[in-house]
Novice: 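One structure coming up, written as C-alpha cells, with questions to follow.
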Amino acid sequence: MDQFDLNENIIARLGLQKLPYEKRVKMLEEITDIVIKRVTLRLMENLPEAEVATANALAAKPMN
C-alpha cells in the first residue's frame with residue numbers, strides 16, 4: 001500500500017472526505033505527529049536507560 005492509498009483510507013475511515021483538501025492535509029499531519037509522538041514515548045518506556053540517554057542525545061542534535 002503506498003502513502004496515497006494510506007492517506008485516502010484514513011480520510012475515508014474518519015469520514016473526512018467532505019473537508020477541503022487543505023484541511024484534510026492539515027488533519028493528516030496532526031494525526032501523523034500524534035502517532036509519531038506516542039510511538040516514540042512507548043519505545044522510550046521500553047528501552048534500557050543507556051539507550052534512552054543515547055536516543056535523547058541524538059534527538060538533541062540539530063539536523064542538517
Side-chain angles (χ1 to χ4, degrees):
M1 178 178 290
D2 68 12
Q3 185 67 35
F4 179 77
D5 289 340
L6 182 59
N7 289 344
E8 290 301 312
N9 191 13
I10 291 170
I11 289 168
R13 294 267 182 177
L14 295 175
L16 304 174
Q17 303 92 324
K18 294 181 182 178
L19 285 177
Y21 176 78
E22 294 80 17
K23 287 191 177 190
R24 286 185 301 205
V25 169
K26 183 159 179 53
M27 182 76 69
L28 287 172
E29 288 172 351
E30 290 174 5
I31 291 169
T32 301
D33 189 46
I34 291 168
V35 169
I36 289 171
K37 286 177 181 177
R38 287 186 179 193
V39 168
T40 301
L41 285 173
R42 182 68 56 96
L43 288 171
M44 297 296 268
E45 289 171 354
N46 293 308
L47 283 177
E49 195 61 37
E51 291 183 32
V52 170
T54 301
N56 285 334
L58 289 173
K61 287 185 178 181
M63 297 182 86
N64 295 338

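Each residue takes its place number in the sequence, starting with 1. Atom set for the values below is all heavy atoms of this structure, side chains included, hydrogens, waters and symmetry mates excluded.
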Novice: Shortest non-hydrogen contact from R24 to Q17?
Specialist: NH1-O, 3.3 Å

Novice: Can you find a heavy atom in the side chain of I11 that is under 4.5 Å from one in the side chain of E8?
Specialist: yes

Novice: Of V39, D33, V35, I34, which meets side-chain contact (heavy atoms from CB on, under 4.5 Å) against K37?
Specialist: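 Running side-chain contact (heavy atoms from CB on, under 4.5 Å) over V39, D33, V35, I34 with K37 returns exactly one hit, D33.
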
Novice: Under 4.5 Å between any side-chain heavy atoms of I10 and M27, yes or no?
Specialist: no

Novice: Hydrophobic cluster membership, with links at side-chain heavy-atom distances under 4.5 Å among I/L/V/M/F/W/Y: are L28 and L19 in one?
Specialist: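 In one cluster: yes.
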
Novice: Quick one: pull up OG1 in T54 and CG in L47 and give me the separation to the nearest 0.5 Å.
Specialist: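 Output value for this atom pair is 9.5 Å.
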
Novice: What's the verdict on salt bridge (charged side-chain N to carboxylate O under 4.0 Å, His left out) for K26 and E22, showing C-alpha distance, side-chain angles and the deciding distance?
Specialist: CA-CA 6 Å; K26 183 159 179 53; E22 294 80 17; over 6 Å; no

Novice: Calculate, to the nearest 0.5 Å, the distance between atoms CD1 and CG belonging to I31 and L16 respectively.
Specialist: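 One finds 6.5 Å between CD1 of I31 and CG of L16.
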
